[in-house]
Participant: 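Quick one: structure below, then a few questions.
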Amino acid sequence: MRRLVMTVAAFTAALSLGALSGNAQKSERVWRIGILLSGTPNTHGHYVTWLQNGLRNHGYANGNDYVFVHRWAMGKRKRLPALAKELVQENVDVIIVNGGSSVRAAGTATRRIPIVVGTAGGLGRRYGLVSSLAKPGGNVTGSTFYNLPDLSAKRLALLNEAVPKLKSVAFLFYPLKRARAELKKLKKVAIQRGIKILPLEVGNLSEIERAFASMANGKADAVMINVSYLTTLHRDRLVARARDMKLPSMCEQWAFVESGCLMSYSADRKHMMTRAAYFIDRILKGANPGDLPVERSDKYKLGINLKTAKHLGISLPPSTLLRADEVIE
């Protein structure tokens, strides 16, 4: 942060003129920013890095101007309400959340402390925490995206483009309402492409292992991994199993591609989490979160792992590579 250096004479003159008001002086306060995440530092640590980069862009230095107060649910969503209450008891200045379960937990824990949503789907229609995107009205604002079932259709199209001879695709999902809606849409689109969808519902690690056995028995040609707290927690294991079985994989988030997934297509969470710093900056400067419109992200990113493609013996068409936003070579 820049500091104003003045001579004694200049300071005296300025003081006599009333030039130094309370608003003009640099606050020596170190802000406490609570972070509530459903995963672990290994699975969700990049969200913290993105936020820190965003805060740096707004002139905030970690340790100097703010400190993070972390709460990790370690993949156990049932812990989120208690962890949210801990942040309230810590009397943090603002709480940053990521994902629907964290949004609900923080919104239930406090109507006083400002809450900034880094990434969450359908914030305007769900949770009951904002009156509208344009005028949230409460203590919650931030960024949202439409994770429509149509995105699964887009993912299937991209996967089919990469693997033209697809006959059957496993859809591995945690039993959430959103995932079931995506599965319903996916089946309709798959019929038009002559592709059979193999639904594989998983609720724990042992069921994940059984799901991959079913893929082998069902002769799946590829797998689509639906994002959830469970699949994120076991991201590396899921991707490794798909690679070992020589199964092309389509995932929802870039982090999965970094772990070895062949492709991903989703809202640009990196952009959204970096953008969260804008809301934090406005709030720390006195803005009411209820007056800050929720931003609906229209940035969607296609990620490709060429190392995985080579391992699978897949030659991706130039049209797919040209559309890619991020590529691991």
Participant: Given side chains that start at C-beta, do those of R71 and V69 come closer than 4.5 Å, heavy atoms only?
Facilitator: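 Yes. Closest side-chain heavy atoms under 4.5 Å.
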
Participant: Would E90 and R32 satisfy salt bridge (Lys or Arg N to Asp or Glu O under 4.0 Å), going step by step from the backbone distance to the final call?
Facilitator: CA-CA 9 Å; E90 288 273 1; R32 292 164 56 78; 2.7 Å; yes

Participant: Got a second to check how far L247's CG is from C261's SG, nearest 0.5 Å?
Facilitator: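 Rounded to the nearest 0.5 Å, the CG-SG separation comes out at 11.0 Å.
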
Participant: For residues 188-202, which residue pairs pass the salt bridge (Lys or Arg N to Asp or Glu O under 4.0 Å) check, not counting sequence neighbours?
Facilitator: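 Residue pairs with at least one partner in residues 188-202: R180-E201.
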
Participant: Can you tell me if S259 and D236 form a side-chain donor-acceptor pair at under 3.5 Å?
Facilitator: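 Short answer, yes.
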
Participant: Is the shortest distance from a Lys or Arg side-chain nitrogen in E252 or R178 to a carboxylate oxygen in the other one below 4.0 Å?
Facilitator: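 Counted as a salt bridge, because a side-chain N and a carboxylate O are separated by less than 4.0 Å.
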
Participant: Give a yes or no on whether L200 and L233 share a hydrophobic cluster (residues Ile, Leu, Val, Met, Phe, Trp, Tyr; joining criterion: side-chain heavy atoms under 4.5 Å apart).
Facilitator: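 No, no single cluster joins them.
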
Participant: Rounded to the nearest 0.5 Å, what's the gap from CG on L172 to OG on S249? Could you check?
Facilitator: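 Answer rounded to 0.5 Å: 11.0 Å.
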
Participant: Would you say R237 has more than 12 foreign heavy atoms packed within less than 6.0 Å of its CZ?
Facilitator: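 Check fails, neighbour count at 12 or below.
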
Participant: In Å and rounded to the nearest 0.5 Å, what is the OG to CZ distance from S266 to R155?
Facilitator: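 If we round to the nearest 0.5 Å, S266:OG and R155:CZ are 6.5 Å apart.
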
Participant: Hey, does F256 have a side-chain heavy atom less than 4.5 Å from the side chain of N305?
Facilitator: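 When only atoms from C-beta onward are counted, F256 and N305 do not touch, as no gap falls below 4.5 Å.
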
Participant: With a 4.5 Å cut-off on side-chain heavy atoms, are L262 and M250 touching?
Facilitator: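 SC-SC contact between M250 and L262 ruled out.
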
Participant: Can the ring centres of H70 and F68 be said to be less than 6.0 Å apart?
Facilitator: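 Under 6.0 Å, so yes.
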
Participant: Quick check: do L183 and F173 have side-chain heavy atoms less than 4.5 Å from each other?
Facilitator: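 SC-SC contact between L183 and F173 confirmed.
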
Participant: Do L129 and R111 come close enough that some side-chain heavy atom pair is under 4.5 Å?
Facilitator: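 L129 vs R111: side chains touch.
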
Participant: Are there more than 12 heavy atoms of other residues, nucleotides or ligands under 6.0 Å from atom NZ of K78?
Facilitator: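 No.
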
Participant: How long is the straight-line distance from CZ of R269 back to CH2 of W50, given to the nearest 0.5 Å?
Facilitator: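 Answer rounded to 0.5 Å: 8.5 Å.
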
Participant: Are the side chain of N42 and the backbone of G45 linked by a donor-acceptor contact shorter than 3.5 Å?
Facilitator: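 No, N42 side chain to G45 backbone: no donor-acceptor pair under 3.5 Å.
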
Participant: Less than 3.5 Å apart, any donor N or O on the side chain of T43 or R235 sitting next to an acceptor on the other?
Facilitator: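 Checked: T43/R235 side chains show no N/O donor-acceptor pair below 3.5 Å.
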
Participant: Would R29 and D65 count as a salt bridge (Lys or Arg N to Asp or Glu O under 4.0 Å) if you check the C-alpha gap in whole Å, the side-chain angles of each, and the deciding distance to 0.1 Å?
Facilitator: CA-CA 7 Å; R29 179 175 182 177; D65 303 300; over 6 Å; no

Participant: Taking side chain as C-beta onward, heavy atoms only, is D221 less than 4.5 Å from V169?
Facilitator: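 Side-chain contact under 4.5 Å: no.
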
Participant: Flag yes if V239 and W254 sit in one hydrophobic cluster, no otherwise; membership is Ile, Leu, Val, Met, Phe, Trp, Tyr, and two members link when side-chain heavy atoms are under 4.5 Å apart.
Facilitator: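 Different hydrophobic clusters.
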
Participant: What donor-acceptor contacts under 3.5 angstrom involve side-chain atoms of residues 316-327, with partners at least two apart or in another chain?
Facilitator:
| residue | atom | partner | partner atom | Å |
| --- | --- | --- | --- | --- |
| S319 | OG | E161 | OE2 | 3.4 |
| T320 | OG1 | E161 | OE2 | 2.1 |
| R323 | NH2 | E161 | OE1 | 3.1 |
| R323 | NH2 | E161 | OE2 | 3.0 |
| D325 | OD2 | L302 | N | 2.8 |
| E326 | OE2 | K301 | NZ | 2.5 |

Participant: Just grab all the ring-ring contact (aromatic ring centres under 6.0 Å, His included) pairs involving residues 180-239, residues at least two apart or on different chains.
Facilitator: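 Of all non-adjacent pairs touching residues 180-239, those that pass ring-ring contact (aromatic ring centres under 6.0 Å, His included) are Y174-Y229.
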
Participant: Do I225 and V227 land in one hydrophobic cluster if side-chain heavy atoms of ILVMFWY residues count as linked below 4.5 Å?
Facilitator: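 I225 and V227: one cluster.
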
Participant: Can you tell me how far the CG atom of L37 sits from the CH2 atom of W72, to the nearest 0.5 Å?
Facilitator: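 Here the interatomic distance stands at 5.0 Å.
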
Participant: Indicate, with yes or no, if I197 and I191 share a hydrophobic cluster defined by side-chain heavy-atom contacts under 4.5 Å among Ile, Leu, Val, Met, Phe, Trp and Tyr.
Facilitator: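 They do not share one cluster, since no chain of ILVMFWY contacts under 4.5 Å joins I191 to I197.
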
Participant: Not counting sequence neighbours, list each pair that qualifies as a disulfide bond (SG atoms under 2.5 Å apart) and has a residue in residues 264-329.
Facilitator: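 Those involving residues 264-329 do not exist here.
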
Participant: Ignoring hydrogens and angles, state whether a donor on the side chain of S206 or N204 is under 3.5 Å from an acceptor on the partner side chain.
Facilitator: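 There is such a pair (donor and acceptor under 3.5 Å, judged by atom type) between the side chains of S206 and N204.
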
Participant: Answer whether the closest heavy-atom distance between the side chains of H44 and T232 falls below 4.5 Å.
Facilitator: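 Yes, at least one pair of side-chain atoms sits under 4.5 Å.
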
Participant: If a pair satisfies salt bridge (Lys or Arg N to Asp or Glu O under 4.0 Å) and one of its residues is in residues 273-287, list it, with sequence neighbours excluded.
Facilitator: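 Only R275-E295, D281-K285 qualify under salt bridge (Lys or Arg N to Asp or Glu O under 4.0 Å).
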
Participant: Could you work out, with side-chain hydrogen bond (donor to acceptor under 3.5 Å, both in side chains) as the rule, every residue matching T141, not counting sequence neighbours?
Facilitator: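 Counting only residues at least two positions away or on another chain, T141 forms no side-chain hydrogen bond (donor to acceptor under 3.5 Å, both in side chains).
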
Participant: Starting from L312, can I reach I328 by hopping between I/L/V/M/F/W/Y residues whose side chains sit under 4.5 Å apart?
Facilitator: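 Per the 4.5 Å side-chain linkage, I328 and L312 are not co-clustered.
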
Participant: From T274 OG1 over to H58 NE2, what is the distance, rounded to the nearest 0.5 angstrom?
Facilitator: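 Here the interatomic distance stands at 9.5 Å.
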
Participant: Measuring only between side-chain heavy atoms, which start at C-beta, is S143 closer than 4.5 Å to S297?
Facilitator: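 They are not in contact (no side-chain heavy atoms under 4.5 Å apart), so the answer is no.
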
